[in-house]
Novice: 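Can you keep this structure in mind? I'll have questions shortly.
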Amino acid sequence: METVATKNLGSSGLKVSGLCLGTMTFGVQADEATSHAILNEAMEHGVTFIDTADVYPLGGGLELAGRTEEIIGTWLPAHRSEVVLATKCVGAMGNSVNARGASRKHIIEAVEASLRRLQTDYIDLYQLHSYDTTTPIEETLHALDHLVNSGKVRYVGCSNFKAWQLARALGRSDLHGLVRFISVQPRYNLVFREIERELLPLCEVEEIGVIPYNPIAGGLLSGKHDFTKGPESGTRFNVSPASTLYRDRYWNERVFATASELAHVAQEIGTSLVTMAVAWVRQQPTVTSPIIGASKVEQLHDSLLGGSFVIDDETMQRLDDITRSYRQGDADR
């Protein structure tokens with residue numbers, strides 16, 4: 001069985017699989033048994049890097065926040081030594097004003113709660129889910145430094161940071177001698193390439209690992225959707241309340257037209273659009289591990305193939321030509 005290669009995450013010595021399994025479907029789109037089956041299937045193909053967040057599942061709201069970690073926690077103990085486990089905090093975990101954000105209070109409480117739900121005594125990669133503009137970054141970094149020194153967290157990273165926010169955090173870490181982010185988790189795919197302008201060059205220079213989510217644009221680059229018929233039930237485009245976010249990102253005529261053009265290229269090179277889309281992200285020089293996900297075991301197949309499928313240089317140039325305009329933000333068009 002062909003398995004994905006491993007890479008070092010950023011400048012650290014932590015080795016991770018070249019694909020990462022995302023779990024935001026666990027608890028709403030996938031029940032516990034299905035979630036465990038997805039985890040086992042990924043592991044069988046060498047995907048030992050697992051990403052989650054305390055606020056998951058997607059679309060679950062406060063009522064279900066933490067459920068995804070609980071599901072992973074009933075599977076993890078038997079596999080702990082094999083897995084590099086990543087989770088996140090910052091999102092709202094309750095109605096209290098302090099049950100969210102990147103304050104010392106919330107970070108310490110959030111990591112303890114995640115450890116309980118995940119049934120483990122340490123987290124390999126603890127990430128800020130987003131940038132908290134209401135908390136001084138120095139306070140956040142001191143809290144993360146404390147967690148690393150206590151042994152509850154091995155490494156720290158961030159998600160959804162803009163280039164200037166990551167650069168500012170790295171500068172403060174260096175200035176104060178605090179733990180440094182080794183990774184960033186941005187949205188990145190063939191129809192969302194804005195991070196190539198500033199974030200990816202920063203990551204290359206600073207040796208920051210890149211763990212992109214949405215490599216198949218929330219399922220839009222699966223080719224199964226029909227713009228004229230609207231989103232199918234049970235998909236990421238129809239799981240309230242997160243469905244609005246995904247429709248705003250991708251559900252428009254321009255993206256569908258591009259997806260159709262990309263599907264023709266995939267057919268010409270003898271693979272699926274999903275496999276090609278994942279492979280394209282994986283082959284970007286600054287990328288460490290694209291995050292793949294599924295709500296059913298069989299949905300993993302084409303994404304897993306993207307961990308080893310190689311797109312030739314000529315086709316990479318064609319894909320760049322087709323999607324180059326997506327490097328620009330809306331304000332630039």
Side-chain angles (χ1 to χ4, degrees), residues 4-26 39 42-43 45-56 58 68-69 72 83-91 114 123-131 144 153-163 165-167 169-170 179-190 192-196 198-218 277-294 300 303-304 306-308:
V4 298
T6 59
K7 297 181 178 180
N8 280 53
L9 186 57
S11 61
S12 78
L14 181 65
K15 292 176 174 58
V16 297
S17 53
L19 291 177
C20 177
L21 181 68
T23 60
M24 64 166 58
T25 60
F26 295 4
L39 286 161
M43 287 283 288
H45 287 81
V47 179
T48 56
F49 189 15
I50 297 171
D51 178 73
T52 191
D54 56 5
V55 294
Y56 292 164
L58 180 74
T68 300
E69 288 187 332
I72 295 170
V83 166
V84 173
L85 178 66
T87 192
K88 315 180 198 75
C89 71
V90 170
S114 286
I123 293 163
D124 295 293
L125 178 64
Y126 199 52
Q127 304 158 105
L128 302 180
H129 211 153
S130 58
Y131 191 86
L144 293 174
V153 168
R154 301 294 193 248
Y155 302 89
V156 296
C158 60
S159 179
N160 296 307
F161 272 39
K162 295 180 173 64
Q165 294 168 337
L166 176 57
L170 294 174
V179 67
R180 208 171 193 264
F181 292 139
I182 65 165
S183 64
V184 64
Q185 193 178 117
R187 178 160 63 110
Y188 188 40
N189 54 59
L190 278 159
F192 185 80
R193 298 179 55 183
E194 296 174 26
I195 66 169
E196 293 176 12
E198 295 185 356
L199 183 63
L200 292 187
L202 172 65
C203 290
E204 182 178 10
V205 170
E206 293 289 341
E207 297 184 273
I208 303 298
V210 181
I211 315 166
Y213 66 88
N214 270 191
I216 61 170
V278 172
W280 181 86
V281 175
R282 194 199 84 245
Q283 287 181 224
Q284 302 306 310
T286 48
V287 167
T288 308
S289 300
I291 298 175
I292 61 171
L300 269 185
S303 292
L304 288 169
S308 56

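All values below were derived from every heavy atom in this structure, side-chain atoms included, with hydrogens, water molecules and symmetry-related copies excluded.
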Novice: Between Gln284 (side chain) and Trp280 (backbone), is there a donor-acceptor pair under 3.5 Å?
Specialist: yes
Novice: Quick one: pull up NZ in Lys15 and CG in Asn8 and give me the separation to the nearest 0.5 Å.
Specialist: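 It comes to 4.5 Å.
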Novice: Find the distance between SG (Cys203) and CD (Glu198) and round it off to the nearest 0.5 Å.
Specialist: 11.5 Å
Novice: What's the spacing between Phe49 CZ and Leu19 CG if we round to 0.5 Å?
Specialist: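 With rounding to 0.5 Å, CZ (Phe49) is 11.0 Å from CG (Leu19).
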Novice: Donor-acceptor pair, Ser17 side chain versus Thr6 backbone, under 3.5 Å?
Specialist: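 Side chain of Ser17 to backbone of Thr6: no pair is present.
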Novice: Where is the tightest heavy-atom contact between Ile195 and Pro186, given as atom of each residue plus distance?
Specialist: CD1-CG, 3.7 Å
Novice: Might you work through the side-chain hydrogen bond (donor to acceptor under 3.5 Å, both in side chains) test for Gln127 and Ser183, ending with a clear yes or no?
Specialist: CA-CA 8 Å; Gln127 304 158 105; Ser183 64; 4.6 Å; no
Novice: Give me the atom names and distance for the closest heavy-atom approach of Leu202 to Ala167.
Specialist: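 Taking every non-hydrogen atom into account, CD2-N, 3.9 Å.
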Novice: Between Arg187 and Glu194, does at least one N-O distance fall below 4.0 Å, as a salt bridge requires?
Specialist: no
Novice: Within the 4.5 Å heavy-atom criterion, are Thr68 and Met24 side-chain neighbours or not?
Specialist: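 No, side chains not in contact.
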Novice: Please report the interatomic distance CG(Leu85) to CD1(Ile123), rounded to the nearest 0.5 Å.
Specialist: 6.5 Å
Novice: Mind checking side-chain contact (heavy atoms from CB on, under 4.5 Å) for Ser303 and listing every partner two or more places apart, or none if nothing turns up?
Specialist: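 If we apply the side-chain contact (heavy atoms from CB on, under 4.5 Å) test to Ser303, skipping adjacent residues, the hits are Val274, Val278, Ile292.
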Novice: Do Phe181 and Leu128 have side chains that get closer than 4.5 Å, going by heavy atoms?
Specialist: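 In short, these two side chains touch, coming nearer than 4.5 Å.
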Novice: For Thr25 and Leu58: C-alpha separation, side-chain torsions, deciding distance, then whether side chain to side chain contact (heavy atoms under 4.5 Å, CB included) applies.
Specialist: CA-CA 6 Å; Thr25 60; Leu58 180 74; over 6 Å; no
Novice: Determine whether Ile72 and Thr23 make a side-chain contact, defined as any pair of heavy atoms from C-beta on separated by less than 4.5 Å.
Specialist: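 Yes. Closest side-chain heavy atoms under 4.5 Å.
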Novice: Any idea which heavy atoms bring Arg282 and Ser308 closest together, and the distance?
Specialist: NH1-N, 3.8 Å
Novice: Please report the closest heavy-atom contact between Ser130 and Val90, naming both atoms and the distance.
Specialist: OG-CG1, 3.4 Å
Novice: Side chains of Met43 and Val83: does their closest heavy-atom pair fall under 4.5 Å?
Specialist: yes
Novice: Please examine the side chains of Tyr188 and Asn214, heavy atoms only from C-beta on, and report whether any two atoms are closer than 4.5 Å.
Specialist: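 They are not in side-chain contact.
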Novice: Without placing hydrogens or testing angles, list every side-chain donor-acceptor pair under 3.5 Å for residues 155-163, not counting sequence neighbours.
Specialist:
unit_1: Ser159; atom_1: OG; unit_2: Gln185; atom_2: O; d: 3.1
unit_1: Asn160; atom_1: OD1; unit_2: Tyr213; atom_2: OH; d: 2.5
unit_1: Asn160; atom_1: ND2; unit_2: His129; atom_2: O; d: 2.9

Novice: Closest approach of Pro212 and Val210, non-hydrogen atoms and distance?
Specialist: CD-O, 3.3 Å
Novice: Enter the distance from Thr52:OG1 to Lys88:NZ here, rounded to the nearest 0.5 Å.
Specialist: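 Reported value, rounded in 0.5 Å steps: 6.5 Å.
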Novice: Within this structure, what is the SG-CD1 distance for the pair Cys20 and Ile50, rounded to the nearest 0.5 Å?
Specialist: 8.0 Å
Novice: What closest approach, in Å, do Ile216 and Ala277 show between heavy atoms, and which atom pair accounts for it?
Specialist: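 In this case the closest contact between Ile216 and Ala277 is CG2-CB, 4.0 Å.
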Novice: Check Val184, Leu9, Asp51 against Ile211 for a side-chain contact (heavy atoms from CB on, under 4.5 Å) and give me the one that passes.
Specialist: Leu9
Novice: Is there a side-chain contact between Ile182 and Ile208 (heavy atoms, below 4.5 Å)?
Specialist: no
